[in-house]
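Let me begin by presenting the structure, written as structure tokens, before commenting on it.
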4 protein chains.
Amino acid sequence: MKQPTQRDLQAESRRTQLLDIALALFAERGVENVSIKDLAAEADIAPGLIYHYFASKDDLLAAVFQRYSPLPEFEAVIEQMSDLPAREGLQHFANGMAAIMGQKRAVIRLLARELLSPRASSLAVVVSFRATVVARLQDTFQRWIAAGELKPHEPLVTVHMLVSSLLILLLLEQPFELLIPQFVATIMDGIQA
Amino acid sequence: MKQPTQRDLQAESRRTQLLDIALALFAERGVENVSIKDLAAEADIAPGLIYHYFASKDDLLAAVFQRYSPLPEFEAVIEQMSDLPAREGLQHFANGMAAIMGQKRAVIRLLARELLSPRASSLAVVVSFRATVVARLQDTFQRWIAAGELKPHEPLVTVHMLVSSLLILLLLEQPFELLIPQFVATIMDGIQA
Amino acid sequence: MKQPTQRDLQAESRRTQLLDIALALFAERGVENVSIKDLAAEADIAPGLIYHYFASKDDLLAAVFQRYSPLPEFEAVIEQMSDLPAREGLQHFANGMAAIMGQKRAVIRLLARELLSPRASSLAVVVSFRATVVARLQDTFQRWIAAGELKPHEPLVTVHMLVSSLLILLLLEQPFELLIPQFVATIMDGIQA
Amino acid sequence: MKQPTQRDLQAESRRTQLLDIALALFAERGVENVSIKDLAAEADIAPGLIYHYFASKDDLLAAVFQRYSPLPEFEAVIEQMSDLPAREGLQHFANGMAAIMGQKRAVIRLLARELLSPRASSLAVVVSFRATVVARLQDTFQRWIAAGELKPHEPLVTVHMLVSSLLILLLLEQPFELLIPQFVATIMDGIQA
DNA sequence: GATGAATGAGAGTTCATTCAT
DNA sequence: GATGAATGAACTCTCATTCAT
């Protein structure tokens, strides 16, 4: 186990810089509208150097996802919500989502765009992300149903509604903070008079 | 007022053929992953001919939307739902959506993808589509609320939840028929025990 | 020798229309910036019809030159000038040029442009035009020199200076009427104090 | 202040090579008859590489003008002529022109062709070139007139005659050395007996 | 005489990627 | 680690020309 040399440190910082830039540009303009040259120009390096750090553009994208994945945050929120009563838990979840989306707007937009793009499944990271989040949420709902706090129902439905609603707002670049409590209220109580 | 000649018919059928092919390929692979040459090859014609019928690739895309727009169907469904009581109306709407999405899966996917893409608003058709549908739905909800059938609430919330949920399912190429009644039930009654 | 039928007349008028349009557009934008489609659109006919009247775009250009050639006018002016004393003759020539250039601005610009273009000699009309004009002018000058009205000199020099000056003005779309007397005065008297 | 490396030298030489080839082909065949592929083939490189050195074909053309501009030579000649008496000055100018045109035949043809083309003023270099030369020459003539060496007259006339005559000869690919003294003699003394 | 659908080569340009230096 | 010269295929789009109708 050797010490990181000066070079290692520089390399690491360059890698990070590239990931940052890639995240920003990809999210803003869409992956296919950002060329390797654009990235290099933004980083003030030669285009070729990018291939020293990443095997390909796709690989760079995957690395962006890996590095900035909002998964840990999501998992934390889900963890916390599962100890609360249903309504509060749901509220907590929605608030947590809002907070995460606020901080990690760029990756999430990127992730969502990739998730919906036709070539989707090519990126393993993207796919596994979705699977993980959905699974964890379903668990929690199941527990609430078992505890009699919620009607017996397919939790996938609720989860899907909530997440879809937020996702679309995010993609359309519209503010979601204000709507979140209303989403939660609707899901809990319905709209029937 | 002259009869369409043989030539006119042939031209019309070629135009239609191109629109069909464009719709199919664009929806399947995404607009930017389909080249003019791909389209020409699929239609078994010379690439240049496409420009005889359409001024540009964007123009072709716009023509696809215009020809296959699901807007009339959506408007019809919304029209019908507004005469029903809330729950049935919502059910009708959801079923109508399911039916339309079943028949017009390809355009809708295409439309949705364009709607969410970073260059979005470049295509007027796409933008006006969203605006129209949302406006019509809001009207109907307002009426239900005024009639005391629904709680006073912001109908945009409900509309957004419902439409987003269906849209995401469509984009992920997942079956939505089964989930629709559950979406409706949740929205009407909530999930609280 | 048969009478021209209705059809012959129509054909002739169409041919003339096409030549007119070609002249106007070619002169204004340059031959290579005018497509067959542009011409057809301007004439309100189908592109293919042009090939019924002319074998190719080059052939059309040649026909334009033939039909609108300013050669007869130039020859007339040269004819007239040769009967006058030198100074008056030159003045007459210059004025004649000005007049012709005023009326036939478009063909002359076109002719000049072709004359100077790299593919020049491909068009026989263009080349023979220049040769003819120069030959006729030289003759006249020779006569004046022989008559002792002008110094012995190479008339090609004077002719070239005069014609080049006018030509360049024409090509640069600048007014030449005002300068013509000064060209003549300079050529006759020089500028030495 | 660093040394040019091997790579820098190679790049510079490639740039030069491309400019040379562009100059030669453009002058010979005309800009619009030379494709990027032609240039690449002549240089024995991939077409894309040209865009590594120049942003566009127009940019390449502009760079050709900048690199090979005969403006410094013209300015030098004009500078020198302005210190001489009129006749000698004019002679010097004409000889200088002949010399420059001999050495820089290709650029000048190119420049002249662009100057006369319908799209002309698109290239700033071209326009400013003409303006500069004309202005400098007018100055000099004004001084000669003021000094009583030349008749009072509009120097633009003389300048235009002289330059047009040479330009047309150049464009027609005809030898001009022999005619130059005669141009000068005519302009100074006229041709009247 | 007239149409316009169809061709197919070729235009300028972009871009992910490689590799000698 | 870093450079940027070099590649070559692919892109959208234009155009003179042909020919069945």
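Everything quoted here is computed from the prediction, not taken from an experiment. Proteins come first, then strands; the chains are lettered A, B, ... in the order of their sequence lines, and each starts at number 1.
- Mapped onto DNA chain E by nearest heavy atom, S56(A) and A11(C) fall at different nucleotides, with A11(C) at the one closer to the 5' end.
- Each of P47(A) and P47(C) was assigned the nucleotide of DNA chain E with the nearest heavy atom; the assignment lying further toward the 5' end belongs to P47(C).
- To the nearest angstrom, P of dT7(F) lies 15 Å from CD1 of I36(D).
- Within the 4.0 Å cut-off from OP1 or OP2 of dA10(F), not a single side-chain nitrogen or oxygen of S35(B) is found.
- Between the CD atom of E32(C) and the P atom of dG12(E) there is a distance of 13 Å, rounded to whole Å.
- Side chains of R113(B) and V31(B) form no contact here, defined as non-hydrogen atoms less than 4.5 Å apart.
- Under the 4.5 Å side-chain criterion, counting only non-hydrogen atoms from C-beta, K57(A) is in contact with F26(A).
- For Q10(B) and R7(B), the side-chain atoms include no donor-acceptor pair closer than 3.5 Å.
- When the C1' atom of dG1(E) is taken as reference, atom CD of E12(C) falls 14 Å away, rounded to whole Å.
- Between Y53(C) and dA2(E) there is a side-chain N or O to OP1 or OP2 distance below 4.0 Å.
- Nearest-nucleotide positions on DNA chain F place A55(B) closer to the 5' end than the other of A55(B) and L49(C).
- Within the structure, a side-chain polar atom (N or O) of Q10(D) is placed less than 4.0 Å from OP1 or OP2 of dA6(F).
- Salt-bridge annotation for E12(A) and R67(A): present, with a side-chain N of the basic residue lying under 4.0 Å from a carboxylate O of the acidic one.
- Using a 4.0 Å cut-off, no side-chain N or O of Y51(C) falls inside it from OP1 or OP2 of dA2(E).
- R14(B) has no side-chain polar atom (N or O) that falls below the 4.0 Å cut-off from OP1 or OP2 of dG4(E).
- Atom NZ in K37(B) sits roughly 12 Å away from atom P in dA9(F) (whole-Å rounding).
- Listed candidates were dA2(E), dA20(E), dT12(F). Nearest to the side chain of R7(D) is dA20(E).
- Using the Watson-Crick or G-U wobble rule with both distances under 3.5 Å, dT21(E) pairs with dA2(F).
- Summarising the base pairing, dC11(F) is matched to dG12(E) through a Watson-Crick or G-U wobble pair whose two defining distances lie under 3.5 Å.
- What separates NZ of K57(B) from P of dT14(E) is a distance of 16 Å, to the nearest Å.
- Straight-line distance from the CG atom of N33(D) to the C1' atom of dG12(E): 15 Å, rounded to whole Å.
- Side-chain proximity of I45(A) to dA5(E), dT3(E), dT3(F): nearest is dT3(F).
- Under a 3.5 Å cut-off, the side chain of N33(C) and the backbone N or O of R29(C) do form a donor-acceptor pair.
- Between E28(C) and R109(C) no salt bridge is recorded (no basic side-chain N to carboxylate O distance below 4.0 Å).
- The residue T5(D) sits apart from the nucleic acid: no heavy atom pair falls under 4.0 Å.
- Nearest-nucleotide positions on DNA chain F for D44(A) and D38(B) put D44(A) closer to the 5' end.
- As rounded to whole Å, 20 Å separates atom P of dG4(F) from atom CD1 of I50(D).
- Distances from the side chain of H52(A) to the nucleotides dG8(F), dT17(F), dG1(F) place dG1(F) closest.
- Rounded to whole Å, the distance from CG on D59(D) to C1' on dG12(E) is 14 Å.
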